[in-house]
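Remember, it's a predicted structure, so these values are computed and weren't measured experimentally.
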Amino acid sequence: MGHLNLPASKRSSRQCRLLDLISAAFFGIVIVFFLLVFTPLGDSLAASGRQALLLSTNADPKQRHRLVTLVELGQHHQPIEACPAEAVDHMPCEDPRRNSQLSREMNFYRERHCPLPEETPLCLIPPPNGYKIPVPWPDSLTKIWHDNMPHNKIADRKGHQGWMKLEGPHFIFPGGGTMFPDGAIQYIEKLGQYIPISDGILRTALDMGCGVASFGGYLLSKDILAMSFAPRDSHKSQIQFALERGIPAFVAMLGTRRLPFPAFSFDLMHCSRCLIPFTAYNATYFLEVDRLLRPGGYLVISGPPVQWANQDKEWADLQAVTRALCYELIAVDGNTAVWKKPAGESCLPNQNEFGLELCDESDDASDAWYYKLKKCVSRTSSVKGEFAVGMIPKWPDRLTKAPARATVMRNGIDVFEADTRRWARRVAYYKNTLNLKLGTPAVRNVMDMNAFFGGFAAALKSDPVWVMNVVPARKSSTLSVIFDRGLIGVYHDWCEPFSTYPRSYDFIHVTGIESLIKHQGSTKNRCNMVDLMVEMDRMLRPEGIVVVRDSPEVIEKIARIAHAVRWTATIHEKEAESHGREKVLVATKNFWQLPSASN
């Protein structure tokens, strides 16, 4: 093939254009490298890539369905495969790749948005490389293993405020926070000047936008049980740190929906620089706080907008809203404000600048599972009986005294008392006959997946544990009783993943597991047992314990699936005093890890 001889001027022109293209490409690569390494875009794209890799596994719905069927029948003789290493912190309903495509209005994109089951990979979440059995309580309050969650961003950004710092193989938690850099203990003592911290009047608390939950952690010494929540955000894993420390916490966002709690649950609500715009959208967020705060309870807001520079209007609006609802402003101490909610019905005037009105009498203020926020004031008269702070028994008496809200069901008081006695017997059997590790340093974070009145948690009162009491959203709403007796929990539908990080719990307990996946009043399933147990495995720590109570047929099925999720299971008879056909399955999650890259 011949060569075309071009004039020198044309060759020079083409060479210049080629050099221009090469230079442009080089500078483009440099800019992209800068964006990926030095800006939040890199974090976002990296997260998207990890999620895409995870979701690419088991992508065929038919293949997934066949695998589920084989596992349920015990015909899949190999364990379910491990998810890729990038999935160690995967939360299906808080997926940054999925949620980043959603509306930013009222932080909708930061709320729960769950994939369909067929879009979810059927695989087991591995622990991170170097994972160790967590530091036991109470040492975990002040130190955890770095390698269990090797995320240094909070330590780098918030270390000077006393949040946490890296020391050798541990993260150390001095107990500070943005609004209390000198420590939560000193801050709590300051609040004790204005609210009854230490005498059993206050028991349940909600810490909004909690950081690493040091406030809730140090309230425990005052016998105040705080539920801490924060969204999955740029701080990376703040709720995961809280749970690793042994502090009650879960992932949530105050956005467009009610938080998953019944009305009038918390004796104390706290915000330390939580940056919730309480008076935005006609004070919709403050109305949600009011729905959750027990009459006679206390609200503490530290940080913006309380006497904060350039937030005079926001501070004035917040005071106006609290006046409209007749909250008593007890103190303004620097940037901390303390209010007390009236013990009776809201004294909402007919006219106020936010247009606030009482909700319709037909509104159930305790409906809170995927329930849109309402721009109205929840009526305390919608709940029968005494439930105001100061009117209910002090802690610990309130734990065993049947609350008025137990009458949510027929013969509720009698059922409550019988349930309390039943679980005292059962827990004694767990400890004395089955030799479970309840009451030992090996168990701190406990979940009851079908809690009813919270009898299981109440029977653990003397143990160094806290219990996340989950009331299935489709069952009778007994969660208000759990809060009235001084315990904590949430609504949840177990056909969806739970809002927590992997490896959150040491011990998971469930009675009537099959009822969690069935249509109410029907024998048909809404979802499958394999997905539920894979989700339980995601939440459970290596060497963690699962206890399941159900009929012999269901227990046999659970045992088959347990092998597939790499648990070691044994089946036991129920305690002699109990009636019915129940059996008890006890399983231990094996401590396995992905092969190292060098192998």
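- No side-chain heavy atom of Met227 sits under 4.5 Å from any side-chain heavy atom of Trp466.
- Of the residues Val490, Asn450, Ile482, the one that meets the side-chain contact (heavy atoms from CB on, under 4.5 Å) test with Asn469 is Ile482.
- Contact annotation: the side chain of Tyr501 never approaches that of Arg538 to less than 4.5 Å [non-hydrogen atoms, C-beta and beyond].
- A salt bridge between Arg294 and Asp484 is present, with a side-chain N of the basic residue lying under 4.0 Å from a carboxylate O of the acidic one.
- Side-chain rings of Phe286 and Tyr327 approach one another, their centers coming within less than 6.0 Å.
- Side-chain contact between Leu292 and Val289: absent, with no pair of heavy atoms (C-beta onward) separated by less than 4.5 Å.
- One N or O on the side chain of Arg444 and one on the backbone of Gly246 form a donor-acceptor pair closer than 3.5 Å.
- A donor-acceptor pair under 3.5 Å links the side-chain atoms of Asp493 to the main chain of Cys495, judged by distance alone.
- Annotation: side chain of Ile301 is in contact with side chain of Phe278 (closest heavy-atom distance under 4.5 Å).
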Arg405 vs Thr478, side-chain hydrogen bond (donor to acceptor under 3.5 Å, both in side chains): CA-CA, chis, key distance, verdict
CA-CA 8 Å; Arg405 288 199 269 191; Thr478 55; over 6 Å; no
side-chain hydrogen bond (donor to acceptor under 3.5 Å, both in side chains), that's the test. Do Asp182 and Tyr187 meet it? Break it down for me.
CA-CA 8 Å; Asp182 295 328; Tyr187 176 69; over 6 Å; no
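- Taking CD1 of Ile247 as the reference point, atom CG of Leu220 lies at 7.0 Å (rounded to 0.5 Å).
- Here the CG atom belonging to Asp448 is positioned 10.5 Å from the CD1 atom belonging to Ile508, to the nearest 0.5 angstrom.
- The backbone N or O of Pro134 lies less than 3.5 Å from no partner atom in the side chain of Glu244, so there is not a single donor-acceptor pair.
- Under the 6.0 Å cut-off for aromatic ring centres, His113 and Phe108 qualify, their centroids lying closer than that.
- Distance alone, capped at 3.5 Å, places no donor-acceptor pair between the Asn335 side chain and the Ser302 backbone.
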Could you walk me through whether Trp395 and Leu202 satisfy the side-chain contact (heavy atoms from CB on, under 4.5 Å) test, starting with their C-alpha distance in whole Å, then the side-chain angles of each, then the deciding distance to 0.1 Å, before giving a yes or no?
CA-CA 8 Å; Trp395 178 262; Leu202 304 182; over 6 Å; no
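- Heavy-atom minimum distance, Cys114 versus Tyr370: SG-OH, 3.9 Å.
- With a 4.5 Å cut-off on side-chain heavy atoms, Met409 and Phe452 count as touching.
- Formation of a donor-acceptor pair under 3.5 Å by the His492 side chain with backbone atoms of Glu496 is found in this model.
- Contact of the Ser499 side chain with the Arg112 side chain is registered, since non-hydrogen atoms from C-beta on lie closer than 4.5 Å.
- Electrostatic pairing of Lys341 and Asp290 counts as a salt bridge here, judged by a charged N lying under 4.0 Å from a carboxylate O.
- In this structure, Phe261 has its ring center closer than 6.0 angstrom to the ring center of Phe266.
- Trp315 approaches Pro305 most closely through the heavy-atom pair CB-O, 3.1 Å.
- Note that the OH atom of Tyr298 and the CG atom of Leu293 stand 10.5 Å from one another [nearest 0.5 Å].
- Asp506 has a carboxylate O that lies under 4.0 Å from a charged side-chain N of Arg541, or vice versa, which qualifies the two as a salt bridge.
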Check against side-chain hydrogen bond (donor to acceptor under 3.5 Å, both in side chains), Glu111 and Thr256
CA-CA 8 Å; Glu111 295 180 299; Thr256 67; 2.6 Å; yes
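- Every ring-ring contact (aromatic ring centres under 6.0 Å, His included) that His146 has, sequence neighbours left out, goes to Phe171.
- Remark: the backbone N or O of Met253 is not paired with any side-chain donor or acceptor of Arg257 at under 3.5 angstrom.
- Contact between Ala252 and Leu259 at its shortest, heavy atoms only, is CB-CD2, 4.2 Å.
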Could you walk me through whether Trp137 and Val465 pass the side-chain contact (heavy atoms from CB on, under 4.5 Å) test, one step at a time?
CA-CA 9 Å; Trp137 180 266; Val465 303; over 6 Å; no
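- Counting heavy-atom neighbours within 6.0 Å of Asn310 CG, excluding the residue itself, gives a total of 12 or less.
- Annotation for Ser476 and Val471: closest pair O-CG1, 3.7 Å, computed over non-hydrogen atoms.
- Side-chain atoms of Asp95 come within 3.5 Å of backbone N or O of Arg97 as a donor-acceptor pair.
- The existence of a salt bridge linking Lys222 and Glu189 is confirmed by a sub-4.0 Å separation between a basic side-chain nitrogen and an acidic carboxylate oxygen.
- Counting heavy atoms from C-beta on, the side chains of Lys158 and Met164 never come closer than 4.5 Å.
- Around atom NZ of Lys165, no more than 12 heavy atoms belonging to other residues, nucleotides or ligands sit under 6.0 Å away.
- Note that the CG atom of Leu166 and the CD1 atom of Ile172 stand 8.5 Å from one another [nearest 0.5 Å].
- With hydrogens and angles disregarded, a donor-acceptor distance shorter than 3.5 Å links the side chain of Trp494 to the backbone of Met449.
- Between Tyr491 and Pro262, the closest heavy-atom pair is OH-CB, 3.3 Å.
- Using a 4.0 Å cut-off between a side-chain N of Lys or Arg and a carboxylate O of Asp or Glu, Arg379 and Asp363 do not qualify as a salt bridge.
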Does the salt bridge (charged side-chain N to carboxylate O under 4.0 Å, His left out) test come out yes or no for Glu288 and Lys374, once each step is laid out?
CA-CA 8 Å; Glu288 176 64 357; Lys374 284 202 167 186; over 6 Å; no
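- For a disulfide, the SG atoms of both cysteines must be under 2.5 angstrom apart; this fails for Cys210 and Cys274.
- Put simply, the side chain of Ile488 does not reach to within 4.5 Å of the side chain of Met468, judged on heavy atoms.
- Contact between Ala406 and Phe453 at its shortest, heavy atoms only, is O-CZ, 4.1 Å.
- Judged by distance alone, with hydrogens and angles left aside, the side-chain atoms of Thr204 form a donor-acceptor pair with the main-chain N or O of Ser265 at under 3.5 Å.
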Using the rule given for side-chain contact (heavy atoms from CB on, under 4.5 Å), can you reason through Phe264 versus Ser378, listing the C-alpha separation, both sets of side-chain angles and the distance that settles it, and then say yes or no?
CA-CA 9 Å; Phe264 318 126; Ser378 298; 4.2 Å; yes
Working note: Trp308 + Glu314, criterion side-chain contact (heavy atoms from CB on, under 4.5 Å); need CA distance, chi angles, decisive distance, verdict.
CA-CA 9 Å; Trp308 204 264; Glu314 290 84 354; over 6 Å; no
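- Summarising the geometry, atom CZ belonging to Arg157 is positioned 12.0 Å from atom CG belonging to Asn152; distances are rounded to the nearest 0.5 Å.
- No option in Arg203, Lys394, Arg398 other than Arg398 meets the salt bridge (charged side-chain N to carboxylate O under 4.0 Å, His left out) test with Asp267.
- Taking 4.0 Å as the cut-off between side-chain N and carboxylate O, Lys313 and Asp317 count as a salt-bridged pair.
- Remark: Cys359 SG to Lys375 NZ distance equals 13.0 Å, nearest 0.5 Å.
- Checked by atom type and distance alone, the side chain of Asp364 pairs as donor or acceptor with a backbone atom of Ser366 at under 3.5 Å.
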